[in-house]
Amino acid sequence: MVNLIMILALVSFVACGGQSKGSEGEDAETKTIVNVPEFNADSAFYFVKAQVDIGPRVMNTSAHDACGDYLAQKLEQFGAKVYNQHADLPSYDGKMFKARNIIGAYNPEAKKRVALFSHWDSRPWADNDPDASKHYTPILGANDGASGVGVLLEVARQLQQQQPTIGIDIIFLDAEDVGNHRDSGLSDENSWCLGSQYWARTPHVAGYNARYGILLDMVGGTNARFLYEFYSERFARDVNRKVWKAAKSLGYDNYFVAKVGGGATDDHLFINQIARIPTIDIIPTSENYTFFEHWHTVKDNMDVITVPTLKAVGQTLLQVIYNEK
Ligand code: AHN
Ligand code: ZN
C-alpha cells in the first residue's frame with residue numbers, strides 16, 4: 001500500500017512537471033525545456049488546396065510552371081534563401097521533362113542541418129484508377145504530392161517566426177511521379193524519382209550534407225497509418241525511432257505505429273543510395289490498398305485531405321527539429 005501511494009505521488013509529480021518547474025530543480029538540470037511552436041494545420045490545409053487549385057502539376061504544362069513559381073515565392077516570403085534547380089530529365093518513354101527542384105534554406109551558414117523533402121509534381125496518369133478510361137488522365141495529387149509540400153510550407157512559416165538551433169533545408173523535388181505507366185509492362189525503379197536522383201548527384205550547394213533527412217509522401221489522408229517504411233529502416237533506423245518517439249510524446253502514436261511496414265521506391269531511396277544522407281520516408285501503409293485508397297486515381301483530390309492528419313505529421317516534425325542541438 002505504501003508503495004502504491006508512493007507511485008501515485010511520483011506519477012502526479014511527473015504529470016504536472018510541465019507547469020510547475022523550479023523548486024525541485026532536478027528536472028531542470030537534466031532536461032532543457034524547448035519551446036516548440038504550434039503547427040497550424042488549417043494553414044497547411046490551405047497550402048495543399050492552393051496547389052491543387054492550380055491543377056495537375058505535370059511537367060511541361062503551364063500549371064506546373066505556375067505552381068513552381070508559387071512555391072518559390074512562398075519560400076521567399078517565409079524568409080528562406082531560395083535555390084532553383086532547372087534540369088532537363090529524360091523520361092523512360094523518351095520524353096524530355098523540364099524539371100525544377102526548389103530549395104529553401106534556413107540558417108544557411110549552420111553546419112548542423114536537417115533536410116526535409118517532399119515531391120511537388122503530380123502523376124501524369126491515373127493508371128491505378130478502377131475506370132480504365134481514366135488511365136491517361138493526369139491526377140490532382142492532393143495527397144500524393146501536395147500534402148507533403150503543404151505541411152512543409154507551414155513548417156517554413158513557423159521557421160520564419162522562431163529560428164531553431166540548427167539549419168533546415170526544405171527541398172521540393174520535381175519529377176517523382178513519372179515512373180513506368182502500369183500498362184507499359186515495365187517496372188524499372190529508376191524511372192521514378194528523377195528530380196531526387198538529379199538533386200542527389202548535383203545538390204544545390206556543392207558538397208551539401210545533412211545529419212539526416214525526412215521525406216513526406218501522402219501525409220494528409222483520412223485514417224493514415226505510418227509504419228516504419230522498409231528502406232528507411234535499413235538506411236536510417238535511428239531517425240525512424242527519433243521521429244516515432246516524438247510522435248508518441250505528443251499522443252500521435254495512433255498515426256505513427258511502431259511496426260515495420262512495406263517498402264516504397266520513393267525519393268528517399270535515391271537520397272540514401274546516391275547522396276548517402278540517412279533519410280526516412282513518412283508514408284502511409286495499409287493491408288487493403290497501396291498507400292491509400294485513391295492512390296494514382298482521379299479521386300486523389302481535396303476530399304481525401306483531412307486536417308488532423310496534417311496536424312499529427314506537422315507537429316511531430318516541429319517537435320523533432322526544434323529539439324535538435
Ligand atoms: C512505388 O513504390 C511504386 N511508388 C512509391 C513512390 C511514389 C509514387 N510516391 C508517390 N507516388
Ligand atoms: Zn504517386
Side-chain angles (χ1 to χ4, degrees), residues 48 51-52 56-59 64 67 89 91-92 97 99 101 116-129 134-152 171-200 213-221 224-235 260-274 279-287 289-301 304-305 309 313:
V48 178
Q51 297 166 74
V52 171
R57 282 86 60 214
V58 172
M59 280 163 294
H64 173 272
C67 188
L89 303 175
S91 68
Y92 81 89
F97 284 135
N101 293 329
L116 307 174
F117 302 92
S118 192
H119 78 89
W120 71 273
D121 60 310
S122 66
R123 187 150 176 81
W125 324 287
D127 55 346
N128 202 36
D129 203 281
K134 300 276 168 34
H135 280 189
Y136 290 86
T137 304
I139 70 165
L140 283 169
N143 202 17
D144 189 355
S147 67
V149 172
V151 167
L152 293 184
I171 303 180
F172 296 144
L173 298 163
D174 204 354
E176 188 274 345
D177 234 339
V178 293
N180 298 146
H181 190 289
R182 207 183 157 85
D183 304 342
S184 71
L186 303 167
S187 62
D188 177 9
E189 284 199 337
N190 293 308
S191 66
W192 300 88
C193 308
L194 304 184
S196 54
Q197 295 190 50
Y198 179 82
W199 179 84
I214 301 175
L215 169 67
L216 305 183
D217 199 357
M218 309 182 229
V219 293
R225 293 292 169 267
F226 306 106
L227 274 59
Y228 298 130
E229 185 273 336
F230 180 80
Y231 299 113
S232 312
E233 212 38 22
R234 205 171 87 194
F235 288 104
V260 181
T265 308
D266 211 347
D267 292 314
H268 70 310
L269 192 57
F270 300 94
I271 296 160
N272 277 300
Q273 288 175 333
I274 302 169
T279 301
I280 63 159
D281 192 6
I282 302 181
I283 188 166
T285 308
S286 168
E287 284 109 53
Y289 27 73
T290 314
F291 305 125
F292 76 107
E293 192 182 354
H294 300 300
W295 183 64
H296 292 180
T297 77
V298 296
K299 286 194 175 158
D300 183 0
N301 57 33
V304 309
I305 302 297
T309 305
V313 173

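Atoms within a ligand are numbered from 1 in the order they appear, just like the ligands themselves.
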Show the atoms of ligand 1 that are less than 4.0 angstrom away from any heavy atom in [X].
X	answer
Trp295	8 (C), 11 (N)
His296	8 (C), 11 (N)
Asp144	10 (C), 11 (N)

Just so I know, are the side chains of Val58 and Ser122 near enough to count as touching, which here means a heavy-atom distance under 4.5 Å?
yes

Check: Does a side-chain heavy-atom distance below 4.5 Å link Asp174 with His64?
Finding: yes

Starting from [atom], which protein heavy atom do you reach first, and at what distance in Å?
atom	answer
atom 4 (N) of ligand 1	Thr265 O, 3.8 Å
atom 7 (C) of ligand 1	Glu176 OE2, 2.9 Å
atom 3 (C) of ligand 1	Trp192 CZ2, 4.0 Å

Checking the side chain of [X] only, and the main-chain atoms of [Y] only, is there a donor and an acceptor separated by less than 3.5 Å?
X	Y	result
Ser147	Val219	yes
Asn143	Asp300	no
Thr297	Asn128	no

TODO: Just say parallel, tilted or perpendicular for the rings of Tyr136 and His181, cut-offs at 30° and 60°.
DONE: parallel

Q. Angle class for the His296/Trp192 ring planes (parallel below 30°, perpendicular above 60°, tilted otherwise)?
A. parallel

Any donor-acceptor pair under 3.5 Å linking the side-chain atoms of His119 with those of Asp121? yes

Atoms listed for the Zn ion (ligand 2) (protein only, N, O or S, under 2.8 Å, no waters) are Asp144 OD2, Asp177 OD1, Asp177 OD2, His296 NE2

Check: of Asp177, Asn180, Ile283, Asp217, min heavy-atom distance to atom 8 (C) of ligand 1 comes from Asp177

Here the pair of heavy atoms bringing Val304 nearest to Phe292 is CG2-CE1, 4.1 Å

Between Arg57 and Val52 the two heavy atoms that sit nearest each other are NH1-CA, 3.9 Å

At under 4.0 Å between heavy atoms, what of Met218 touches ligand 1? The answer is side chain

